[in-house]
Amino acid sequence: MDKNDACLDLLRRLHPRNVERNLESLCQLVAGDDELVEDLLGTVDVPLKKAKCNESGKSYLLCDYNRDGDSYRSPWSNQFYPLPEDDDGPRPSEKLRELEIAANESFDIYRDLYYDGEGVSSVYLWDTDDDDFAGVVLFKKENEGGSWDSIHVVEVTNVSDTQAKYRITSTVILDLGSEHDLSLSGNMTRQLEASLPLDLEQAPSKSLAHLVNLGQLVEKQEGNIRNLLQDVYFDKLKDVLLRDLRSVGDVSEKRVEDEKHADVIRGLQEL
């Protein structure tokens, strides 16, 4: 087993709620291997952090895709904060920046509809080869029941003027707790590839046709992962509780099991 696989295997065995702290500690242990550190930081997903754009006053999410050193680019103003001494950080081309603005406005509406008007969303795009591009769509919602982080990395390849190929890698980081001291943390990653037509009748431009397709794919991925979390985590949790739970005082085993299971399900529904 090489070093990278060994580090990832170790992280998988540690508590997922502490993944960010564990990753930092692991990077310190292998600090002499810069390539390994970069691989770990680029491979391991951690809960997203929020910041506020000084120019627009809107919140945005921080990730490696909008980072330049210790500064992060706001999708609303296209400026890096804190302001670097030499402001030459990576930005999308003028044409792609127009699509990035439209994507942030569109997915902010998506967030308002699908996340009960709460949370923060951010979209970052960057140029690849020729007319192709890539990007990341981010969502974060927090409440007393826990937190939900969605990270959708997309690659867009134009096959023709009327068709494009999309590859989307989606990761959801879930952290739930309950008043019964029961917690559930973990993440799930799924990948989807699709070739879709660019419907120029519904969208006024090719760029906005891409945005329509991306919206449909993100919606599909989030729905699929939410259903998988229900099947994998919560059905498994119920089996564990039914098998291992013991009565506490004069409260029946079944009642305690029902309360704990309902708490965790309620936490997911609120996210």
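All values below were derived from every heavy atom in this structure, side-chain atoms included, with hydrogens, water molecules and symmetry-related copies excluded.
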Just by modelled atom types, is the Gly119 backbone N or O under 3.5 Å from a matching donor or acceptor in the Lys140 side chain? no

Looking at Asn213 and Pro197, what are the two nearest heavy atoms and their distance? ND2-O, 3.2 Å

Is it true that Glu142 and Lys50 have a side-chain N and a carboxylate O under 4.0 angstrom from each other? yes

Can you measure from OG (Ser74) to CG (Asn54) and round to the nearest 0.5 angstrom? 8.5 Å

Between Lys206 and Asp131 (salt bridge meaning N to carboxylate O under 4.0 Å), is one present in this structure? yes

Donor-acceptor contact present, side-chain Asp132 to main-chain Thr128, <3.5 Å: no

When you measure from the centre of the six-membered ring of Trp148, is the NZ or CZ of Arg226 under 6.0 Å away and within 45° of the axis? yes

Apply the test side chain to side chain contact (heavy atoms under 4.5 Å, CB included) to residues Tyr124 and Tyr60: give CA-CA distance (whole Å), side-chain angles for both, the deciding distance (0.1 Å), then the verdict. CA-CA 11 Å; Tyr124 302 101; Tyr60 63 99; 3.4 Å; yes

Is a side-chain N or O of Asn66 found less than 3.5 angstrom from the main chain of Arg73, in a donor-acceptor match? yes

Using side chain to side chain contact (heavy atoms under 4.5 Å, CB included) as the criterion, point out the one residue from Leu229, Asn187, Asp149 that pairs with Leu174. Leu229

Correct closest heavy-atom pair for Cys7 and Leu36 would be SG-CD2, 4.3 Å

Under a 4.0 Å threshold between the charged nitrogen and the carboxylate oxygen, would Glu98 count as salt-bridged to Lys95? no

Taking all heavy atoms of Leu40 and all of Val30, pick out the closest pair and write down the distance. CD1-CG2, 4.3 Å

salt_bridge(Asp116, Lys141) N-O dist < 4.0 Å: yes

Does any N or O in the side chain of Glu193 come within less than 3.5 Å of the main-chain N or O of Arg167, such that one atom is a donor and the other an acceptor? no

Kindly work out whether a path of hydrophobic side-chain contacts (I/L/V/M/F/W/Y, heavy atoms less than 4.5 Å apart) joins Met188 to Val136. no

Which heavy atom of Tyr110 sits nearest a heavy atom of Glu219, and at what distance? OH-CA, 3.6 Å

Working for side chain to side chain contact (heavy atoms under 4.5 Å, CB included), residues Leu214 and Val137: CA-CA 9 Å; Leu214 288 176; Val137 181; 6.0 Å; no

Determine whether the side chains of Ser150 and Glu222 contain a donor N or O and an acceptor N or O closer than 3.5 Å. yes

Looking at every non-hydrogen atom in both residues, tell me the closest pair between Ala194 and Leu217 and how far apart they are. CB-CD2, 4.2 Å

Answer with yes or no whether the hydrophobic clustering places Leu196 together with Leu125; edges join I, L, V, M, F, W, Y residues whose side-chain heavy atoms lie under 4.5 Å apart. yes

Could you give the distance from CZ (Arg111) to OG (Ser121), rounded to the nearest 0.5 Å? 5.5 Å

Using 4.0 Å as the upper bound for N to carboxylate O, is an ion pair formed by Glu20 and Lys49? yes

Hey, is the main chain of Gln221 close enough, under 3.5 Å, to the side chain of Asn224 for a donor-acceptor pair? no

Before you tell me yes or no, could you show the steps for Leu138 and Cys63 under side chain to side chain contact (heavy atoms under 4.5 Å, CB included), namely the whole-Å CA-CA distance, both residues' side-chain angles and the distance that decides it to 0.1 Å? CA-CA 9 Å; Leu138 309 171; Cys63 68; 3.7 Å; yes

Heavy atoms of Asp161 and Leu198 approach each other most closely as O-CD1, 3.7 Å

